[in-house]
There are 2 protein chains.
Amino acid sequence: MTDRRTEILTGAARVIARQGVRGLRVADLAAEAGVSTSLIYYHFKDRAGILRHALAFIGDRADRYTAAEAEAERGAEAAGGPSGPRQLLERTLLLEFQDLPEVRENSTAWGELRAHSVFDPELREELAAAGTAWAAEVAGRLAELCPAAPPGAVTAAAERLTALLEGLSVRWLSGLLPLTHARNLVREAIGVEASRLGSPLDVN
Amino acid sequence: MTDRRTEILTGAARVIARQGVRGLRVADLAAEAGVSTSLIYYHFKDRAGILRHALAFIGDRADRYTAAEAEAERGAEAAGGPSGPRQLLERTLLLEFQDLPEVRENSTAWGELRAHSVFDPELREELAAAGTAWAAEVAGRLAELCPAAPPGAVTAAAERLTALLEGLSVRWLSGLLPLTHARNLVREAIGVEASRLGSPLDVN
DNA sequence: GTCTATAAAGCGATAGAC
DNA sequence: GTCTATCGCTTTATAGAC
């Protein structure tokens, strides 16, 4: 966990969040991780290897955050908090819109990898897998919220919500959209989509 | 129009669409435009200057496409085609989802600049201006479609639609989402938002 | 305004000692 | 496994002729 490899990958996430994938310099990464450049080549062979492992590392970390949140959610529910399917979906979708250093760093790095995939086909497989898993999770929660909706419509709504998220995320991270505004737009989008899908809890 | 500066900027749009902002090499641009590297420095001072002017150039070009489309639209309307406010809005939003080299190139370059702005504050001013103008145009057409909707709700809906567009655009350009699927999601999103805003033409 | 030639710096990657 | 030192290619940017 705190071996050198992990330290280097943690540093890579930080550097990518700060300078972007194409702004990552091996020397910067070495300074960030407090090791020599040659140690990085020893562990990851070359720059492409660094990127591949960093991508997987960042993806895994996002999964862990998601899982931790789902756990916390179940806890809150057990404690009698206000946790209907609507709140569950909202929390899931708002996860990456938090101004915590960890979350912001992961969001930035992940968004960078997504943007970079337009020019680097090598990244697409990983992104596609993460993207479909994420869309399926959202679709599942939407289906809970709107049990009477046809599956095809739920899938499409989930695709729209996740794509909206990605668009808003870029705007937020580049300072074009305040965080609270972004969060409101997501909440409203859930309302709009759920209403169209015939949520029984609708009317707001 | 066909002076050297314009030729270089046209080449810059092509190179950025092919290799990304951070993949733009001055030597590549020189080859693309058929000039020497030093001529580029003569006209644009340094690499950042190239980027600044290329961004403005690409933005202007997108405006021209949009304006041309609006004109064509008015022509079709005069000719008695099926052009209600709904069709107008749809065409406006689907403009960048076309598999024509020009459009794809501009979309790719613009998306790249947007993504890059997360790491380069210098680009944000231009992006913010283009973004608000674009959102205002969409909001105007939405208001036409849903005359009874409160202005605040229309603005928010326009922000969601344009952000959705940007999210879908990245997915399309990176090959994660087929073009027709992206177009369908946009059309459905218009329907969902318009319905929520109380479009008189609703019910589909 | 435009070119050729080149300086200067940046950067990925390796060799070899410990 | 980890470091220091360095090689060699790439890339930005400038000098100076035309």
Side-chain angles (χ1 to χ4, degrees), chain A residues 1-58 109 112-113 115-123, chain B residues 1-58 109 112-113 115-123:
Chain A
M1 164 94 185
T2 317
D3 57 64
R4 283 284 200 253
R5 280 181 68 101
T6 308
E7 281 174 21
I8 294 170
L9 291 176
T10 306
R14 257 198 302 275
V15 174
I16 291 174
R18 203 164 52 228
Q19 313 183 345
V21 169
R22 283 155 287 188
L24 180 143
R25 305 287 150 235
V26 180
D28 295 346
L29 173 51
E32 180 73 39
V35 300
S36 65
T37 61
S38 54
L39 185 63
I40 294 173
Y41 288 104
Y42 173 78
H43 281 300
F44 301 106
K45 177 167 167 62
D46 57 15
R47 197 177 172 281
I50 300 169
L51 250 39
R52 258 201 327 279
H53 285 90
L55 170 59
F57 178 79
I58 292 164
E112 229 316 81
L113 291 163
H116 191 59
S117 77
V118 173
F119 305 100
D120 183 357
E122 207 183 337
L123 300 178
Chain B
M1 163 92 186
T2 317
D3 60 273
R4 284 284 200 254
R5 279 180 69 101
T6 309
E7 281 174 21
I8 293 170
L9 292 177
T10 306
R14 258 199 300 274
V15 174
I16 290 174
R18 203 164 53 226
Q19 312 182 345
V21 169
R22 282 155 285 192
L24 180 144
R25 297 289 107 96
V26 180
D28 295 347
L29 173 51
E32 181 73 39
V35 299
S36 67
T37 61
S38 55
L39 185 63
I40 294 173
Y41 287 104
Y42 172 77
H43 281 300
F44 301 106
K45 179 167 166 60
D46 58 16
R47 198 177 173 283
I50 300 168
L51 251 39
R52 258 201 328 279
H53 287 89
L55 170 58
F57 177 79
I58 291 164
E112 207 358 49
L113 290 164
H116 190 61
S117 77
V118 172
F119 306 100
D120 183 356
E122 207 184 336
L123 300 178

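Below, all heavy atoms of this structure are taken into account, side chains as well, without hydrogens, waters or symmetry copies. By convention in this document, chain letters (A, B, ...) are assigned in the order of the sequence lines, proteins followed by strands, and residues within each chain are numbered from 1.
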Hey, mind stepping through A/Val15 and A/Arg18 against side-chain contact (heavy atoms from CB on, under 4.5 Å) and telling me if it holds?
CA-CA 5 Å; A/Val15 174; A/Arg18 203 164 52 228; 3.9 Å; yes

How far apart are the closest heavy atoms of [X] and [Y], and which atoms are they?
X: B/Ala27; Y: B/Thr37; answer: CA-CG2, 3.9 Å
X: B/Phe119; Y: B/Arg22; answer: CD1-NH1, 3.5 Å
X: A/Ala12; Y: A/Ala54; answer: CB-CB, 4.0 Å
X: A/His116; Y: A/Leu123; answer: CD2-CD1, 3.4 Å

About how many Å separate CZ of B/Phe57 and OG1 of B/Thr6, when rounded to the nearest 0.5 Å?
6.5 Å

Do [X] and [Y] come close enough that some side-chain heavy atom pair is under 4.5 Å?
X: B/Phe44; Y: B/Arg5; value: yes
X: A/Leu24; Y: A/Arg47; value: yes
X: B/His43; Y: B/His53; value: no

Roughly, in whole Å, what's the span from [atom1] in [X] to [atom2] in [N]?
X: A/Ile50; N: C/dG12; atom1: CD1; atom2: C1'; value: 9 Å
X: B/Leu39; N: D/dT12; atom1: CG; atom2: C1'; value: 16 Å
X: B/Leu51; N: D/dT11; atom1: CG; atom2: P; value: 16 Å
X: A/Arg25; N: C/dA9; atom1: CZ; atom2: P; value: 18 Å
X: A/Leu24; N: C/dC11; atom1: CG; atom2: C1'; value: 12 Å
X: A/Arg22; N: C/dG12; atom1: CZ; atom2: C1'; value: 18 Å

Pairs under 3.5 Å (N/O, protein and nucleotides 13-16 of chain C):
unit_1	atom_1	unit_2	atom_2	d
C/dA13	OP2	A/Arg47	N	2.9

Quantified as the angle between the terminal helix axes (five pairs each), what is the overall bend of the helix from C/dG1-D/dC18 to C/dC18-D/dG1 to 10 degrees?
0°

Under-4.0 Å side-chain N/O to phosphate OP1/OP2 contact, B/Arg4 with C/dT2
yes

Give the nucleotide from the list D/dT11, C/dG12, C/dG1 with an atom nearest to the side chain of B/Tyr42.
C/dG1

